[in-house]
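Worksheet: the structure to be examined is printed underneath.
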Amino acid sequence: MANSKRLFGVVRRKLLRRSQSRITIIRSSAPETTQEEIAAVKIQSFFRGHLARRAFKALKSLVKLQAVARGVLVRRQARIALHCMHALARLQVRVRARQLLSH
């Protein structure tokens, strides 16, 4: 409990140094927080952290899936472009051959 009060004091002082005009400190009517309240806050923060990690993991896997799908699409586009370039090269060879034969 003493550590949390000290930490809160440090954070409050840092915030007050940054911007005096924007910070409003709301004081609780209870002079001290109970052990139950501190335990509840810790449980809530751990649970929120758990949810955030789970969401981040899902987001990371979704990004990997998108990368795989985009990689497949890019490879398909590259294959089509290469096929078209090859066809144009073959056409160019035919045209030049006709030009040589007609002269």
Using a 3.5 Å cut-off and no angle test, enumerate the donor-acceptor pairs between side-chain atoms of residues 45-74 and protein atoms at least two apart in sequence or in another chain.
residue : atom : partner : partner atom : Å
S45     : OG   : V41     : O            : 3.3
S45     : OG   : K42     : O            : 2.8
S61     : OG   : K57     : O            : 3.4
S61     : OG   : A58     : O            : 2.8

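For CZ of R90, the number of neighbouring non-hydrogen atoms (other residues, nucleotides, ligands) closer than 6.0 Å is greater than 12. More than 12 heavy atoms of other residues, nucleotides or ligands sit less than 6.0 Å from atom CD of Q44.
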- What's the verdict on side-chain contact (heavy atoms from CB on, under 4.5 Å) for Q92 and L88, showing C-alpha distance, side-chain angles and the deciding distance? CA-CA 6 Å; Q92 188 178 22; L88 286 173; over 6 Å; no
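Remark: H83 NE2 to M85 CE distance equals 12.5 Å, nearest 0.5 Å.
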